[in-house]
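First comes the structure, then the notes that go with it.
Hydrogens, waters and symmetry mates play no part in the numbers below; they use all other heavy atoms, side chains included. Values in this document were obtained by computation on a predicted structure and should not be read as measured data.
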Amino acid sequence: MEYWVHHLNDYSGSPLVMAQRMNSKSLIDHITLITNSGNGFLSGWTGPKVELPYQKSHNRFVRFIRLSYWYLASIWYLWKHVHHGDKIVISTIINTPVLLIRCFVGGLNAEIHIHEVYFRVPLWNSLGLRLANHKDVHTIYNSRFSMDFWSFKGSGEVAYPRLRNFFNQQAVINTVPNFDMNRLKIFTVLSLIPYKGYRLFLELATSCLRSRPGYEFTLYVAGIPAEFYAEYPIHKLPSNLKLHFNNTDPEIYLDQHIFLGLTNPSILLEAFGQTIAEAMCTGNIVIASGQGGYLEFMENEHNAILLEEYSVQGILRAIDRLDLTRAIAISQKAKQRMCEFYSL
């Protein structure tokens with residue numbers, strides 16, 4: 001029996017990765033998902049599910065109380081149900097308090113998947129970090145940046161299975177990009193979180209509507225459409241923009257030119273940048289800020305372009321540094337680098 005724990009069933013990267021791994025593993029193992037109710041990437045899970053309520057709050061004290069209650073409720077549920085030989089899989093560091101159950105149940109396996117590097121409740125994270133570094137806890141993390149940040153010392157590996165699926169599509173790998181520098185196709189994949197830069201992307205599209213009429217923009221939004229349209233009514237969106245919700249298919253990376261990685265570095269450093277890795281796998285030119293875990297496989301002006309300024313003008317200046325020859329070279333080197341990085 002396996003119990004997979006993910007606190008926020010939302011539209012960010014970690015539940016997406018978890019959903020993909022769960023779907024593949026459920027074919028051979030019996031899995032129960034422990035999460036909160038929500039409309040996120042884990043909502044499509046059709047196997048056994050335990051929903052423990054949680055409501056977000058901007059008040060730190062209220063958030064501490066609610067998160068602590070959720071953690072304790074998770075521990076209580078596991079305490080009543082896990083048995084010798086069972087396994088717990090936890091998707092992010094914020095859930096490591098449930099590893100407390102290891103102290104009381106002999107023969108229990110534990111595996112933790114790391115995708116985030118920021119503190120929500122320092123008390124719980126501090127305790128969880130101690131447990132995650134236990135020699136019997138296997139750690140799977142998406143970047144060495146995460147490992148170094150958290151000072152993980154236990155057994156572990158760098159793993160990102162979905163990238164292998166990208167490389168298995170030979171038609172994608174062998175495609176020579178067809179760039180028209182006057183008619184660029186620019187896209188991004190972002191969740192509805194303020195620091196994820198969807199507002200900056202919309203500002204960019206609006207700015208180019210007259211100054212660069214040949215550019216096409218596509219925004220893939222992970223989130224609830226009603227929340228997006230409450231902020232940006234459809235009649236106010238620029239005509240050069242295409243909008244899609246909650247589409248994570250590999251095909252979204254095809255027939256594009258430039259991918260924008262728009263996590264605001266002054267607010268949060270991206271621990272890995274899974275969409276950046278996927279975009280590079282498929283030969284898109286990635287333009288992103290110069291800080292974050294993705295710098296492990298990105299080299300400025302070689303296989304990607306790093307922003308000197310996180311702004312509309314900064315992005316346009318980065319695009320203007322490209323010409324046709326350089327664009328094709330960066331595209332090919334991006335695919336080659338990702339293949340080397342993951343030994344695919």
Intermediate values then yes/no, salt bridge (charged side-chain N to carboxylate O under 4.0 Å, His left out), Arg317 and Glu308: CA-CA 9 Å; Arg317 284 195 294 269; Glu308 297 176 352; 5.3 Å; no
Side-chain donor or acceptor of Ser331 paired with backbone N/O of Ala327 under 3.5 Å: no
Side chain to side chain, His6 and Leu42, heavy atoms closer than 4.5 Å: yes
Pairwise distance CD1(Ile285) to NZ(Lys333) - rounded to 0.5 angstrom: 12.0 Å
Whether over 12 other heavy atoms sit under 6.0 Å from Ile28 CD1: yes
Side chain to side chain, Asn303 and Gln332, heavy atoms closer than 4.5 Å: no
Rounded distance (nearest 0.5 Å) linking atom CG of Leu260 with atom CG of Leu204: 6.5 Å
Atom pair CG (Leu295) and CE (Met298), whose distance is rounded to the nearest 0.5 Å: 6.5 Å
Parallel, tilted or perpendicular: rings of Tyr77 and His81 (30°, 60°): parallel
Enclosure of Asn247 CG (heavy-atom neighbours >12, cutoff 6.0 Å): yes
ILVMFWY cluster, Phe64 and Val62 together (side-chain gap under 4.5 Å): no
Interatomic distance, Gln256 atom CD to Glu216 atom CD [nearest 0.5 angstrom]: 8.5 Å
Non-hydrogen atoms of Leu209 and Ser239 that approach each other most closely: CD1-OG, 3.4 Å
Sidechain-backbone polar pair: Asp86 side chain, His83 backbone, donor-acceptor under 3.5 Å: yes
Backbone of Tyr215 reached by a side-chain donor or acceptor of Arg183 within 3.5 Å: no
Worked verdict on Leu322 versus Ile330 for side chain to side chain contact (heavy atoms under 4.5 Å, CB included): CA-CA 9 Å; Leu322 292 168; Ile330 289 177; 3.8 Å; yes
Check: Ala19 main-chain N/O paired with Asn23 side-chain donor or acceptor under 3.5 Å: yes
Shortest non-hydrogen contact between Gly223 and Asn246, atoms and distance: N-OD1, 2.8 Å
Heavy-atom side-chain proximity of Ile34 to Leu78 below 4.5 angstrom: yes
Over 12 foreign heavy atoms within 6.0 Å of NZ, Lys56: no
Distance-only donor-acceptor check, side chains Asn284 and Thr282, under 3.5 Å: yes
Note, Asn36 side chain near Pro53 side chain (heavy atom, < 4.5 Å): no
Arg337 vs Glu299, salt bridge (charged side-chain N to carboxylate O under 4.0 Å, His left out): CA-CA, chis, key distance, verdict: CA-CA 9 Å; Arg337 175 57 179 143; Glu299 184 179 347; over 6 Å; no
Non-hydrogen atoms of Gly314 and Ser311 that approach each other most closely: N-OG, 3.0 Å
Reported CH2-to-OG1 distance for the pair Trp70 and Thr35, which is rounded to 0.5 angstrom: 6.0 Å
Where Lys335 and Cys281 come nearest, the two heavy atoms and their spacing: CG-O, 3.2 Å
side-chain hydrogen bond (donor to acceptor under 3.5 Å, both in side chains) between Ser266 and Asn264, intermediate numbers included: CA-CA 6 Å; Ser266 65; Asn264 189 337; 2.7 Å; yes
Distance-minimising heavy-atom pair for Val286 and Ala279: CG2-CB, 3.9 Å
4.5 Å side-chain heavy-atom contact, Ile315 and Phe201: no
Closest contact, heavy atoms only, Phe41 versus Ala222: CZ-CB, 3.9 Å
Leu192 side chain reached by Val221 side chain, heavy atoms, under 4.5 Å: yes
Heavy-atom side-chain contact between His30 and Pro48 under 4.5 Å: yes
Residue pair Tyr3, Val89: steps toward the side chain to side chain contact (heavy atoms under 4.5 Å, CB included) verdict: CA-CA 6 Å; Tyr3 295 89; Val89 179; over 6 Å; no
Side-chain donor-acceptor pair present, Tyr198, Glu203, cut-off under 3.5 Å: no
Tyr253 and Phe259 aromatic ring geometry - parallel, tilted or perpendicular at 30°/60° bounds: tilted
Ring centres under 6.0 angstrom apart (Phe187, Phe217): no
Modelled atom types, side-chain donor and acceptor of Ser289 and Tyr294, under 3.5 Å: yes
Test side chain to side chain contact (heavy atoms under 4.5 Å, CB included) applied to Asp10 and Ser191, step by step: CA-CA 9 Å; Asp10 57 14; Ser191 53; over 6 Å; no
Test side chain to side chain contact (heavy atoms under 4.5 Å, CB included) applied to Trp45 and Ile31, step by step: CA-CA 10 Å; Trp45 172 248; Ile31 295 175; 4.0 Å; yes
Beyond-backbone contact of Ile186 with His257, side-chain heavy atoms, under 4.5 angstrom: no
Distance-only side-chain donor-acceptor flag, Tyr69 / Arg66, under 3.5 Å: no
Nearest-0.5 Å distance that lies between atom OG in Ser211 and atom CG in Leu316: 6.5 Å
Modelled atom types, side-chain donor and acceptor of Asn59 and Ser57, under 3.5 Å: no
